[in-house]
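A short write-up of the structure that comes next.
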Amino acid sequence: MSDVAQPTAVVPPRTTKGKATRARLLTAASRLFAVQGYDGTSVEAVATEAGITVPGMYKHFPTKASLLLEVARRATITSVARQELAGGDDLPGRLAALFAEYTADGQIERRRLSIELSRAAAQNPELRAALIAYNARLRDALRETLVEARPALADSDEADLLAHLILVLLMGAIHLDTLDAELIGADDLTAFLAERFTVLLDDPGSSAGSEGAEGATVASITTRRVDEPEPDDGRRRRSARTRLRVFEAATELFALHGYDGTTTEMIAARAGITVPGLYLHVASKEDLLVEVGRRTFTGYRMARPLGQSGDPVEFLAELAAAYSTPADHVARRLAIELDFGAWRNERLAEGLRSSHRAIRENIARALAGSGGDARKRDLAAVAVLVLFMGIAHLDTLDPELLTDPRWRDLLQRRIPQLVG
C-alpha cells in the first residue's frame with residue numbers, strides 16, 4: 001500500500017496483557033460496528049465496551065478507521081475456507097465452501113461487518129484507499145490460486161478478471177440476509193455455486209460479449225418512473241413537485257453521504273425549501289428513507305418483464321455492464337445504504353425483502369424459456385441478485401473496473417455461464 005493513503009500503522013502489542021487488551025478491543029468493535037454501524041459507534045463506546053480508557057485504546061489503534069480495518073482483516077485471516085483455497089483438487093468446490101462459510105447461520109456479524117466496511121470506506125478517503133489496496137491483495141492471491149489450478153489462464157487477463165468476478169460475487173453473497181434469509185446455510189445453494197464455478201473455470205467463455213460492451217442499449221440499472229400523476233389544481237401541483245424534489249434530494253444525499261451523514265437541513269437546502277416546509281411532506285427522516293427505498297425498488301429495471309425484445313440473459317448482462325460504470329454511482333451507493341438501513345428499520349426491511357422477492361421471481365420467469373429444473377432457475381435468479389449486490393461494492397473493491405471495457409466484456413461473456 002505504499003502508493004495510497006492508509007490508516008496510521010497499528011503497533012502490535014508485545015506483552016500478554018497488551019494482546020489481551022487488543023483482543024477485547026477488536027471483539028468490542030466488531031460487535032458495535034455490526035450493530036450500530038461505523039458512523040454510529042464512537043471510540044468512547046468501543047473503549048467502554050472493552051473496559052479500558054480512550055487514551056488506552058489509542059495506544060493500540062491510532063484511528064477509528066484503523067480499528068475497523070483490523071476488525072475486517074482478522075475476520076479474513078481466520079477464515080478456514082480461505083486458508084484451504086490454495087492447493088488440492090476441486091477448486092470450484094473449495095470456492096463454494098468459501099461462500100458457504102460467509103453465508104452460514106451464525107455468521108451475520110461477519111456479513112454485516114463486511115458491508116459496513118465498504119459503506120464506511122465510501123465516506124472516508126483514508127479508509128477507502130486502504131480498503132482498495134487490501135482488496136487488491138485478496139484479488140492477487142485469488143488470481144494465483146486460479147492460475148495454479150488452471151495453468152491455461154496464466155497467459156491472459158482472464159485469471160485476473162475471474163478473480164475480480166469471484167470477489168464481487170462474494171461481496172454480493174454477504175447481503176443474503178436481505179436477499180433471502182431462508183438461503184442462509186442452504187446446501188443446495190452451495191451445490192449450485194460449485195456447479196457454476198466449474199463452468200466458469202473450465203469454459204473460456206464466448207467472445208460474443210465484446211461488441212455488446214461497446215454497444216449496450218441499457219444506460220442504467222434504474223429507470224425514472226412517474227408514480228404520482230400531477231394534480232390539476234395549481235396549488236396541489238406545486239406541492240407534488242416540491243415533494244418530488246424532496247425525495248430526489250434525499251435519494252442523492254443518502255447515497256453520497258450515508259443516512260447518518262445526511263441531515264434534514266441538507267435535504268431541505270438541496271430541495272430548495274425550509275426544514276419546516278420539508279416536514280409538511282414527510283413525518284421524519286426515517287420515513288423519508290423508507291419512501292426513498294420504495295421509489296428506488298419500483299424503479300429497478302429487473303423488477304419489470306425481461307427479454308420482451310430479446311434474450312433475457314443478454315439483457316441481464318447489459319444491465320450488469322451498465323451498473324458497472326461511473327454513471328450508476330448513486331444507484332450503487334444507495335443499494336448498500338438501503339441494505340444498511342434495513343437493519344434498523346423493519347418497514348424498510350420488509351420493502352427490501354419484497355423487492356428482492358419480486359425481482360427474483362421475475363428473473364426466474366424469464367429463465368423459464370430455457371427449460372430446466374425450476375429450483376435451479378430460482379437459484380440462478382439468486383445468483384444474479386448476488387452479482388448485482390456485489391457490483392454495488394465496485395467503488396471500494398476496485399474502482400478501475402468502472403472504466404475498464406474488459407470487465408464489461410467479461411460480464412457479458414460470463415453471466416450466461418453463471419445463470420446456466
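Excluded from the calculations below are hydrogen atoms, water molecules and symmetry mates; all remaining heavy atoms, backbone and side chain alike, are included.
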In terms of heavy-atom contacts, does NZ of Lys376 have more than 12 from other residues, nucleotides or ligands at under 6.0 Å?
-> no
Might you point out which heavy atoms bring Leu256 and Gln123 nearest each other, and give the distance in Å?
-> O-OE1, 3.0 Å
For Glu252, side-chain hydrogen bond (donor to acceptor under 3.5 Å, both in side chains) partners two or more places apart = Arg270
Could you tell me whether Arg357 and Glu361 make a salt bridge, using a distance below 4.0 angstrom between a side-chain N and a carboxylate O?
-> no
Is there a donor in the side chain of His329 and an acceptor in the side chain of Arg333, or the other way round, less than 3.5 Å apart?
-> yes
Please report the closest heavy-atom contact between Ala342 and Ala349, naming both atoms and the distance.
-> O-CB, 3.4 Å
Quick one: list whatever passes side-chain hydrogen bond (donor to acceptor under 3.5 Å, both in side chains) with Glu400, sequence neighbours left out.
-> none
Can you name the ring-ring contact (aromatic ring centres under 6.0 Å, His included) partners of His164, sequence neighbours left out?
-> none
Could you check Arg406 against Leu161 for side chain to side chain contact (heavy atoms under 4.5 Å, CB included), going step by step and ending with a plain yes or no?
-> CA-CA 8 Å; Arg406 296 174 307 157; Leu161 292 168; 4.1 Å; yes
Identify each donor-acceptor pair in which a side-chain atom of residues 386-393 lies under 3.5 Å from a protein atom, sequence neighbours left out, and give them as a table.
{"residue": "His393", "atom": "ND1", "partner": "Ser118", "partner atom": "OG", "Å": "2.7"}
{"residue": "His393", "atom": "NE2", "partner": "His175", "partner atom": "NE2", "Å": "2.8"}

Minimum-distance pair of heavy atoms, taken over all atoms of Asn362 and Met302 | ND2-O, 2.7 Å
SB check Glu158 Arg413 (cutoff 4.0 Å) | yes
dist Leu385:CG -> Ile363:CD1 (nearest 0.5 Å) comes out at 5.0 Å
Under the side-chain hydrogen bond (donor to acceptor under 3.5 Å, both in side chains) test, which residues partner Glu346, sequence neighbours left out?
-> Arg353
Charged N to carboxylate O below 4.0 Å: is that the case for Asp140 and Arg143?
-> no
Taken in chain and number order and not counting sequence neighbours, the residues that satisfy side-chain hydrogen bond (donor to acceptor under 3.5 Å, both in side chains) with Asn124 are none
Kindly say whether Ser220 contributes a backbone atom to a donor-acceptor pair with the side chain of Arg301 at under 3.5 angstrom?
-> yes
Could you tell me whether Arg119 and Glu116 make a salt bridge, using a distance below 4.0 angstrom between a side-chain N and a carboxylate O?
-> yes
Look up atom CG in Leu253 and atom CD1 in Ile267, then write down how far apart they are to the nearest 0.5 Å.
-> 6.0 Å
Would you give the length of the straight line joining atom CG of Leu289 to atom OG1 of Thr251, rounded to the nearest 0.5 angstrom?
-> 9.5 Å
Do the side-chain N and O atoms of Asn345 and Glu286 include a donor-acceptor pair separated by under 3.5 angstrom?
-> yes
